[in-house]
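Reminder, nothing fancy here: chain letters follow the sequence lines and each chain counts from 1. The figures here come from the full heavy-atom set of this structure, side chains too, leaving out hydrogens, waters and symmetry mates.
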Amino acid sequence: MKDSDYATKPVFVKNFMDGFKAALKNGPHAFITDFSKCDFTKMYMHFLAIREKKKEMTSEEKKRIKAQKDIDEEPYTWATIDGRREKVGNFRVEPPGLFRGRGEHPKMGKIKRRVVPEDITINIGKDAKVPEPPAGHSWKAVIHNDTATWLAGWNDVINVKDWKYVQFGATSTVKAESDQKKYEKARSLHKYIEKIRKDYKRNMMSESKEMAQLAVATYLVDKLALRAGGEKDEDLADTVGVCTLRAGHIKFMDDNVIEFDFLGKDSIQYLQQHKIDEVAYKCLQRFVQGKGPDVDIFDHVDPQKVNAHLQTLMPGLTIKVFRTYNASITLDRLLKDTKKNDTTLQKKATYDAANKEVAILCNHQKGVSKAHDAQMEKLAEKKKDLAKQVAEMKKKTDDKNQKKKLAALKERQSKLAIQMNMKEELKTVSLGTSKINYLDPRITLSWCKRHEVPPNVVFTKALIDKFHWAMDCEMEFSFVQEDAVEVKPAE
DNA sequence: CCGCCGGACTCAGAAATATCGGC
DNA sequence: AGCCGATATTTCTGAGTCCGGCG
């Protein structure tokens, strides 16, 4: 934290000092009340030294310690469900520390106390042996809820109403089945999408304010893959989704273009301009008329109402399904441009480009790494150097391998150019999130089969494990089912 | 009915850690 | 061939969505 700018934020400092003072109260250090007079350098140096020591270990030592750790943890990484022994996900409780919310979080800096066995509820089979709590401690409760999939849970110590759970890992049957169901539902949305679009286009012109707002909200969800946006408590960061968009979050530009500028999940900025449907544009103008920037645009609807309406059109349909649908069908469409005779590397580039388009659609971002500019500069140096080498090689007409060497240099040049281009283009775009959560793995795996690309070119080992249920999909798998008529994206 | 809220699960980027690849 | 910085992958935990039960 000392390396971050948290200490310059008044909210962080206040929350931290409140907790710190409470901890020091009645002790010999109760006189400490002023953050600006505190110097934590000694602690900082202490932890830095520990890190240094770790670094200095030989690789053998490191390996040995890791192996021992794996052995020690092994018993906690498995659980049996319906007679199957399956991998557990997060089996460790969260250690104490300072809470760091995302964005301008009102609780940043609060001290996160240690979670003790007395906080933990164990959920286990009636006849199973209950794990022993640490010596001298007891569990808060032991329950036998066979309708929930969590193994243990506790109330979060910062947002006390929230629960934290120990769950099965991504490779487990429960997770795999639910993942599969998610993609099947998104896939079936395709069969209803024309009906849904007709429905909202008609309803946008409804006299009923609720109906019109329902329609425009659904349109934005369909076209832009926005999140639902539920009401949030005051003690959380101020972020929005479709239903909580406020008048100040949109700007009306010429030619039915709207600029969206708001903070979404994790306080990630959504800043995009889109040309939208003319009727929807006019509706939005009507909805914000006479409203100040802080007033809700959709004051007559909420996610429950939108979802309830969606379910009159397709069973089980909710707002988030559109995100999955949109992401997957976009990948499906873009991968069709893969060239048969390309090298694996080129095919991978096509895949990454499609993945990138999905990431932009879903607004999946990442912070620019601290070293980015320096790294780019280094690559630019390399580029200059290569250019010089090429120029020199051109002069060496006496070298009988001149042609060959020149070709090799040119090859390096073009590779470097691609690398630099990619690095710059992806400096704020995060590809992983959509790969893990939004893209039907069968699209990717059937593409791998058709184009003879090994799955590990596009999926990490963990993803290959997670998507084991999709591995044997057919080569001809299509996210859009064969019997479906051709449908264009929302306009 | 409908709105509210607790509960359970999915999804999110940052940080930590492991592996890679160029000199 | 081995070191070191860059890149890839995994871990962590915070932040959403949505359902169902209750008043």
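Regarding A/D162, its CG atom lies at a distance of 18 Å from the P atom of B/dC11, rounded to whole Å. Taking atom CD on A/E210 and atom C1' on B/dG3, their separation rounds to 13 Å, with Å as the unit. For A/E177 and B/dT10, the CD to P distance is 12 Å, given to the nearest whole Å. Atom-to-atom, CH2 of A/W150 to P of B/dG6 comes out at 16 Å; the value is rounded to the nearest Å. Rounded to whole Å, atom P of B/dG13 lies 17 Å from atom NE2 of A/H105.
Within 4.0 Å of A/K181, counting heavy atoms only, lies no atom of the nucleic acid at all. At a threshold of 4.0 angstrom between heavy atoms, the contacts of A/K63 with the nucleic acid are absent. The residue A/K378 sits close only to the backbone: its heavy atoms come under 4.0 Å of sugar-phosphate atoms, none of a base. If you check every strand for non-hydrogen atoms under 4.0 Å, A/N155 touches nothing. Residue A/K164 is classed as a base contact, given a heavy-atom separation below 4.0 Å to a base. Among the protein residues, A/G229 comes within range of the sugar-phosphate backbone only, with heavy atoms under 4.0 Å from sugar or phosphate atoms but none that close to a base.
The side-chain hydrogen bond (donor to acceptor under 3.5 Å, both in side chains) test applied to A/K161 returns A/D233, not counting sequence neighbours. In this view, A/D294 satisfies the side-chain hydrogen bond (donor to acceptor under 3.5 Å, both in side chains) rule with no residue, not counting sequence neighbours. Applying the side-chain hydrogen bond (donor to acceptor under 3.5 Å, both in side chains) test to A/W163 and every residue at least two apart in sequence or in another chain returns nothing. Every residue two or more places apart in sequence or in another chain that forms a side-chain hydrogen bond (donor to acceptor under 3.5 Å, both in side chains) with A/K182 is listed here: A/D179.
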Expected rows: protein N/O vs nucleotides 14-18 of chain B N/O, under 3.5 Å:
residue	atom	partner	partner atom	Å
B/dA14	OP1	A/G367	N	3.4
B/dA14	OP2	A/G367	N	3.1

Distances for protein N/O vs nucleotides 21-23 of chain B N/O pairs under 3.5 angstrom?
none

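Mapping A/A237 and A/A374 onto DNA chain C by nearest heavy atom places A/A374 closer to the 5' end of the strand. Residue A/S178 is the one, among A/T433 and A/S178, whose nearest nucleotide of DNA chain B lies closer to the 5' end (criterion: closest heavy atom). Along DNA chain B, the nucleotide closest to A/K161 and the one closest to A/D179 are compared, and the more 5′ of them pairs with A/K161.
Taking the six-membered ring where the residue is Trp, A/Y325 and A/F479 present tilted rings, their angle falling between 30° and 60°.
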Please tabulate, one pair per line, all N/O donor-acceptor pairs under 3.5 Å involving side-chain atoms of residues 451-471 of chain A, not counting sequence neighbours.
residue	atom	partner	partner atom	Å
A/T460	OG1	A/L463	N	3.3
A/K466	NZ	A/I436	O	3.4
A/H468	NE2	A/T171	O	3.1

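Side chain of A/N203 to backbone of A/S206: no donor-acceptor contact under 3.5 angstrom is found.
Across every non-hydrogen atom of A/R323 and A/A225, the tightest pair is NH1-O, 2.7 Å.
For B/dA8, the OP1/OP2 oxygens have a side-chain nitrogen or oxygen of A/N145 closer than 4.0 Å. Residue A/W163 places none of its side-chain N or O atoms closer than 4.0 Å to OP1 or OP2 of B/dA8.
In this structure, A/E377 does not pair ionically with A/K383, as no charged nitrogen and carboxylate oxygen lie closer than 4.0 Å. Taking the charged nitrogens against the carboxylate oxygens, A/K378 and A/E381 have no contact shorter than 4.0 Å, which rules out a salt bridge. Looking at A/K356 and A/D352, no side-chain N of the basic residue comes within less than 4.0 Å of a carboxylate O on the acidic one, giving no salt bridge. In summary, A/K427 and A/E424 engage in a salt bridge, as defined by a charged side-chain N under 4.0 Å from a carboxylate O. Ionic pairing of A/K195 and A/D199 is not present here: no N-O contact between side-chain nitrogen and carboxylate oxygen is shorter than 4.0 angstrom.
Heavy atoms from other residues, nucleotides or ligands lying under 6.0 Å from CG of A/L345 number 12 at most.
For the contact set between residues 302-323 of chain A and DNA chain B, defined by any heavy atom under 4.0 Å, the members are A/K320, A/R323. The stretch residues 451-468 of chain A has no heavy atom under 4.0 angstrom from DNA chain B at all.
A side-chain contact (heavy atoms from CB on, under 4.5 Å) with A/D332 is found for one member of A/L439, A/T444, A/D440, A/I443 and no other, namely A/I443.
When DNA chain C is scanned 5' to 3' for any atom under 4.0 Å from a heavy atom of chain A, the first and last hits are C/dG5 to C/dC19.
Under the ring-ring contact (aromatic ring centres under 6.0 Å, His included) criterion, the residue pairs touching residues 347-386 of chain A are A/Y351-A/W447, A/H364-A/Y438, with sequence neighbours excluded. For the side chain to side chain donor-acceptor pair (under 3.5 Å) condition, the pairs that include at least one residue of residues 114-124 of chain A, sequence neighbours left out, are A/R113-A/D119, A/E118-A/H137.
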